[in-house]
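Keep in mind it's a predicted model, so treat the numbers as computed, not measured.
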Amino acid sequence: MRDRSGISGDQTSEAAMAGSTTPKETSAIRQETARELSKVFGLNAAGLNWPRAILFLDAALVPLMVFWAIGHEQYLLSALFGLLLAALDDPGGSYGHRAARVAVFAAAGAGLTAWAFGIGGAAWGWLVLSGVAVTLAAGLAVAFGTRRFVTALLLNIWFIVALALSFQFHQHTRPTSHVWAQVLAWSGGAALWLAVTFAGWLIRGREDRPQPVAELPGDTARQPLTGPMAAFALIRAAAVAAACALAFGLDLSYGYWIPIATVIAMKPSLEQTTLIAAQRLTGALLGAAAASLLILLPAAVTGTELFAVTRGLEVVALVLLAHAVAIRFWNYALYCAAVAAGVLTLASLPHRGDYAVEGYRVLWTACGVAIGLGLMLLASRLAGHDGEKP
């Protein structure tokens, strides 16, 4: 039979079926989703390293207790980054060579720390230009060898985090942050790593030691700077420019989460596959969600309860960073989640918010991750392929 429009019942039924998803198609979609998630959260048992995490946690407890004792926890993140990044940049070998290398790295980091915290109260354009300059220089450092490129990326990440922290401190009158104290905290963290390695060198009979994080590349051979490499460095710098302009130019409430989320989610190199990029983006979102929940804990407490909860969250953030050290090569998505949760929690504790601001934090994190996603898509086009193997 046909209705008044001239369409038969069978045709109507066929059209309805064509516009819906069959059970077979639904099952295929579920299987594909499960397959992709298994790739993102796949585990490498050989990459789990708890001794390394315990070493970092033992060392990190020193600045934590020091800043608890003097009552200036606003400098804790600088000290922890100085400690962690100095350990990552440690090349191994003879102690003299290691100490010289870490000292140079610490000096460079101290200079960037002074730069970032020194311009926190300047016009937003200077913050954007600074972020672009450091990110572009880090991207072009690939011409000096893979090892130096990794070193530049470590400093790049810290500079963006420090820039966001500096802007945040200038938006609030309390607590007070001094540039020289932030530089001292960073330098103290790096010096603490030198002290730890010196003690280990003496205990082990002054023998040469391998690189603490053996999985990081150690190649220092120079390579030609190709057009795609230069273009990728420009894309990364443009992503940071967009993130910083949104956060600082629009003076968004808690907008400093945007550049932090962006720098965590961004692909560090052109050769990085889509799988690794997806793990970075997934980890950044999971970490930001965890940090948002953690920051909610002190929102409704005051007095001694607030003090206790804040100290407890600092310990939790420290444990998260220690877990990141352990699982870096176990699962990259979970590693990024632990880093994001730890850093964002420590960055937000000096200026706790209330339940209303959590929506802003989640929104700005999503914006930062979206910028990182845009970078991934551009980089995939630039590379001319969409690799599946890490």
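Here the shortest heavy-atom pairing between Leu85 and Leu154 reads CD1-O, 3.5 Å. Residues Val339 and Ala324 share a closest heavy-atom pair of CG2-CB, 3.6 Å. Between Ala333 and Phe41, the shortest heavy-atom distance links the atoms CB-CE2, 4.2 Å. Minimum interatomic distance between Asn331 and Gly42 (heavy atoms only, all atoms of both residues): ND2-O, 2.7 Å. Ala340 and Gly283 get closest at one heavy-atom pair: CB-O, 4.4 Å.
Residues Trp50 and His323 bring their aromatic ring centres within 6.0 Å. Residues Phe81 and Trp186 place their aromatic rings such that the two centres sit no closer than 6.0 Å.
The line from CG of Leu64 to CG of Leu57 is 9.5 Å long, rounded to the nearest 0.5 Å. Between atom CD of residue Gln279 and atom CG of residue Leu334 there is a gap of 8.5 Å, rounded to the nearest 0.5 Å. To the nearest 0.5 Å, atom OG1 of residue Thr310 and atom CG of residue Leu297 are 10.0 Å apart. Here CG of Leu84 is found 11.0 Å from CG of Asp89. Values are rounded to the nearest 0.5 Å. Note that OG of Ser94 is 13.0 Å distant from CZ of Arg209, once rounded to the nearest 0.5 Å.
Atom CH2 of Trp68 is surrounded by more than 12 heavy atoms from other residues, nucleotides or ligands within 6.0 Å. With a 6.0 Å radius and a threshold of 12 heavy atoms from other residues, nucleotides or ligands, Arg311 has its CZ atom above the threshold.
Relative orientation of the Trp180 and His178 rings is parallel, given thresholds of 30° and 60° on the angle between their planes.
Side-chain atoms of Thr262 never come within 3.5 Å of backbone atoms of Ala243 as a donor-acceptor pair (strictly under, hydrogens ignored).
Using a 4.5 Å heavy-atom cutoff, the side chains of Leu321 and Leu346 are in contact.
A donor and an acceptor atom, one from each side chain of Trp158 and Ser78, are nowhere located under 3.5 Å apart. Checked by atom type, the side-chain pair Glu207/Trp201 shows no donor-acceptor distance below 3.5 Å.
The pair Asp90-Arg101 does not meet the salt-bridge criterion, since no charged nitrogen lies less than 4.0 angstrom from a carboxylate oxygen.
Seen from the ring of Phe144, Arg222 does not count as a face-on cation partner, given the 6.0 Å and 45° thresholds.
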